[in-house]
Structure formats: C-alpha cells, structure tokens
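Both backbone and side-chain heavy atoms feed into the values below; hydrogens, waters and symmetry mates do not. In this chain, numbering begins with 1 at the start of the sequence shown.
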Amino acid sequence: MKKKYIFLILFLILIFAIFYYKNFINGNNIISKNQEEIIESILSENVNYNAEMKVTVYSNKNEHIYKLKQEEKDNYSYQKVISSGDIEGLLIEIKENKLYIKNTKLKLEKIYEDYKEVTNDYLFLRTFGKEYKESSENVKKFEENEEIVVKMELKNSNKYIKYKELYIDKNTGYPKKLIIKNSDKQVIVCIEYTNIEIM
C-alpha cells in the first residue's frame, strides 16, 4: 500500500513538472521559432510595405499628432503628411540615392544627393531593421498581451534617439506600434500603424 502512495505522489509530481515546463516554455519570456520568423520577416532590410500611421511627437510640454502615409519598396521610400495643419502635404521621397523634400501645398522642392544622415529616417521600418541587426547584443524580445515586443538600445545613437520598441501583433504578424525614447527613457515619438500591408 505504501508503494502505491509513493508511486501516486511521484506520478503527480511528474505530471506537475511536465505541465509547469510546458507553460514555462510557452510563457511570456520565451520567443518561439515561429515568432522569431515573424520578427525576422518584419525587420528584414528588404521588407516592402504600405502603411498609414498616426504619429505622436512629444516635445517639452506639447504633443503634436500627425497622420502619415509611408511606403518602402525595393530602392524607393516615401512618407507624406496627410493630416491637416502647417506641414500638410509635406512629402519625403528617397530614390536612386537622392532625397527629395517637397511641399505639395506650397509647391516647393529640395533635393539632396548622397546625404546619408537624412536618408536614414528613424520613422521607417527598414531603419528599425537595420538598427536591430547593428544592436543585436542590446535587444530584448518577449511576449506581452498578445504582442511580440522587440526592445533595443541603439548602438551608435544620440541622446534624442536612444531606445526603440516595436510591438508586433502575434496573430497577424504585422507591426502595431513603434515607440522611440530619448536617453532619459522618455517617449519622444509614438507611431501607431492604423493600416499596414506587407508586400
């Protein structure tokens, strides 16, 4: 009879251990292989997408909200302000190593050639992907509330853009939000992807 109780206790401990291990592996702190593939596809330097975004910019005691359209495809990128206001119609285009800044409302245009500092726009997903690869030792990936979160401290950065966080919908595999923080870990830009199509 004593052997039966010992066997029963060992069996229950084994069941508990298996259940605990399974939940630990699938828990919030581990990124599965499938989720790693989602991250890699979104953060590829060759990702092509169209997006509509709500961008909130925080400065001192103010916040400014803009609606933008953005596209990155092959060697072409563009970003246009579609919300009404002072910078409505502002268009930034990057093609053939040239940066075009246009204001369609005022019919103004400025062209920069081979100006890498400006063409590395921190609002684009490809820029996040490039920084993700450069800052690989300073990256944390985990699950939180049905989202895959990728947080990183930028390797070669300034005090205004020091940390970035990308939130990806676990079910669709599409980005939901990109947060940019300064060296004091204060949010300076929050990008919400209201509509995005990965091509």
Side-chain angles (χ1 to χ4, degrees), residues 31 35 38-73 77-83 85-88 90-94 99 101 112 115-170 172-198:
I31 296 293
Q35 291 160 343
I38 290 171
I39 292 170
E40 292 302 321
S41 69
I42 292 297
L43 299 182
S44 164
E45 289 183 50
N46 299 319
V47 68
N48 294 326
Y49 67 93
N50 280 315
E52 291 181 12
M53 312 175 312
K54 176 182 152 191
V55 179
T56 308
V57 179
Y58 301 92
S59 60
N60 296 334
K61 296 176 183 174
N62 300 322
E63 72 177 57
H64 303 281
I65 299 173
Y66 304 98
K67 289 183 182 173
L68 302 179
K69 276 190 174 179
Q70 192 179 78
E71 179 182 333
E72 286 194 281
K73 187 174 181 182
S77 302
Y78 96 95
Q79 184 169 277
K80 183 177 183 179
V81 179
I82 56 174
S83 55
D86 294 343
I87 60 171
E88 178 186 6
L90 179 68
L91 176 68
I92 298 171
E93 253 182 324
I94 304 167
L99 172 72
I101 300 176
Y112 297 92
Y115 194 56
K116 303 291 183 199
E117 288 78 13
V118 174
T119 57
N120 245 349
D121 192 332
Y122 63 92
L123 299 180
F124 285 107
L125 274 176
R126 284 188 186 169
T127 302
F128 187 95
K130 182 181 171 194
E131 293 165 337
Y132 169 76
K133 286 176 176 50
E134 290 172 355
S135 305
S136 58
E137 66 274 2
N138 298 325
V139 173
K140 292 180 185 172
K141 298 176 272 189
F142 56 92
E143 269 185 52
E144 181 179 88
N145 303 326
E146 296 298 312
E147 295 175 327
I148 301 167
V149 183
V150 180
K151 290 186 176 187
M152 67 177 163
E153 179 180 349
L154 301 179
K155 195 173 181 181
N156 301 316
S157 64
N158 58 51
K159 66 179 183 176
Y160 301 107
I161 303 171
K162 183 70 175 171
Y163 302 96
K164 287 189 177 184
E165 301 171 6
L166 181 66
Y167 294 79
I168 303 168
D169 187 298
K170 193 169 86 169
T172 64
Y174 287 174
K176 289 175 70 176
K177 183 170 52 175
L178 174 61
I179 295 175
I180 301 167
K181 297 180 178 180
N182 64 17
S183 58
D184 296 328
K185 296 191 176 180
Q186 294 175 326
V187 177
I188 58 165
V189 177
C190 178
I191 301 168
E192 296 173 59
Y193 297 96
T194 54
N195 187 21
I196 187 163
E197 178 190 358
I198 307 291

Query raised in the report: Between Lys73 and Tyr78, is any side-chain donor less than 3.5 angstrom from a side-chain acceptor?
Result: no

**Report entry** Test log, rule side-chain contact (heavy atoms from CB on, under 4.5 Å), inputs Leu178 and Tyr193
**Finding:** CA-CA 8 Å; Leu178 174 61; Tyr193 297 96; 4.0 Å; yes

Query raised in the report: Between CG of Leu125 and CG of Leu166, what distance do you get to the nearest 0.5 Å?
Result: 6.5 Å

Query - Leu123 vs Gln79 side-chain heavy atoms within contact, under 4.5 Å - result: yes

Query raised in the report: So, does Asn182 use its side chain to make a donor-acceptor pair with the main chain of Gln186 at under 3.5 Å?
Result: yes

Query - Shortest non-hydrogen separation from Glu71 to Phe124 and the atoms involved - result: O-CE2, 4.1 Å

Query raised in the report: Got a second to check how far Ser135's OG is from Phe128's CZ, nearest 0.5 Å?
Result: 9.0 Å

Query raised in the report: Among all residues two or more places apart in sequence or in another chain, which pass the side-chain hydrogen bond (donor to acceptor under 3.5 Å, both in side chains) test with Glu52?
Result: none

Requested in this report: With the side chain counted from C-beta on, respond yes when Glu93 and Leu99 share a heavy-atom pair under 4.5 Å apart, and no when they do not.
Outcome: no

Requested in this report: Provide the closest heavy-atom pair for Leu43 versus Lys133 in the form atom of the first, atom of the second, distance.
Outcome: O-NZ, 3.2 Å

Query raised in the report: Taking side chain as C-beta onward, heavy atoms only, is Val81 less than 4.5 Å from Leu91?
Result: no

Requested in this report: Supply the atom-to-atom distance Asn46 CG to Glu72 CD, rounded to the nearest 0.5 angstrom.
Outcome: 10.5 Å

**Report entry** From Tyr122 atom OH to Thr127 atom OG1, the distance as rounded to the nearest 0.5 Å
**Finding:** 11.0 Å

Requested in this report: Flag the pair Ile42 / Pro175 as yes when at least one side-chain heavy-atom distance between them is below 4.5 Å, and no otherwise.
Outcome: yes

Query raised in the report: Step by step, would you call Tyr66 with Ile82 a side-chain contact (heavy atoms from CB on, under 4.5 Å)?
Result: CA-CA 8 Å; Tyr66 304 98; Ile82 56 174; over 6 Å; no

Query raised in the report: side chain to side chain contact (heavy atoms under 4.5 Å, CB included) with Ile65: which residues, sequence neighbours excluded?
Result: Lys54, Thr56, Glu63

Query raised in the report: Testing Asn138, Ile161, Ile180 for side chain to side chain contact (heavy atoms under 4.5 Å, CB included) with Leu154, which one passes?
Result: Ile161

Query raised in the report: Side-chain contact, heavy-atom cut-off 4.5 Å: Met53 with Glu192?
Result: no

**Report entry** 4.5 Å side-chain heavy-atom contact, Lys140 and Met152
**Finding:** no

Query raised in the report: Would Lys80 and Leu68 count as a side-chain contact (heavy atoms from CB on, under 4.5 Å) if you check the C-alpha gap in whole Å, the side-chain angles of each, and the deciding distance to 0.1 Å?
Result: CA-CA 5 Å; Lys80 183 177 183 179; Leu68 302 179; over 6 Å; no

Requested in this report: Check the pair Ile191, Gln70 against side-chain contact (heavy atoms from CB on, under 4.5 Å), reporting the backbone distance first and the verdict last.
Outcome: CA-CA 12 Å; Ile191 301 168; Gln70 192 179 78; over 6 Å; no

Report task. Identify, with sequence neighbours excluded, every residue that meets side chain to side chain contact (heavy atoms under 4.5 Å, CB included) alongside Glu137. Result -> Lys155

Query - Pairwise side-chain contact, Tyr163 with Lys151, heavy-atom cut-off 4.5 Å (strictly under) - result: no

Requested in this report: Return the set of residues passing side-chain hydrogen bond (donor to acceptor under 3.5 Å, both in side chains) with Lys181 (not counting sequence neighbours), or none when no residue passes.
Outcome: Glu165

Query raised in the report: Is the side chain of Ser83 donor-acceptor paired with the backbone N or O of Lys67 at a distance under 3.5 Å, no angle test?
Result: yes

Requested in this report: Nearest 0.5 Å please: distance from the CG atom of Asp169 over to the CG atom of Asn145.
Outcome: 11.5 Å

Query raised in the report: With sequence neighbours excluded, what pairs up with Asn62 under the side chain to side chain contact (heavy atoms under 4.5 Å, CB included) test?
Result: Ser59, His64

**Report entry** Nearest-0.5 Å distance, OG of residue Ser77 to CD1 of residue Ile92
**Finding:** 11.0 Å

Query raised in the report: Can you check whether Tyr58 reaches Val189 side chain to side chain, under 4.5 Å on heavy atoms?
Result: no

Query raised in the report: How would you list, by chain and number, every residue that makes a side chain to side chain contact (heavy atoms under 4.5 Å, CB included) with Glu147, sequence neighbours excluded?
Result: Tyr167, Lys176

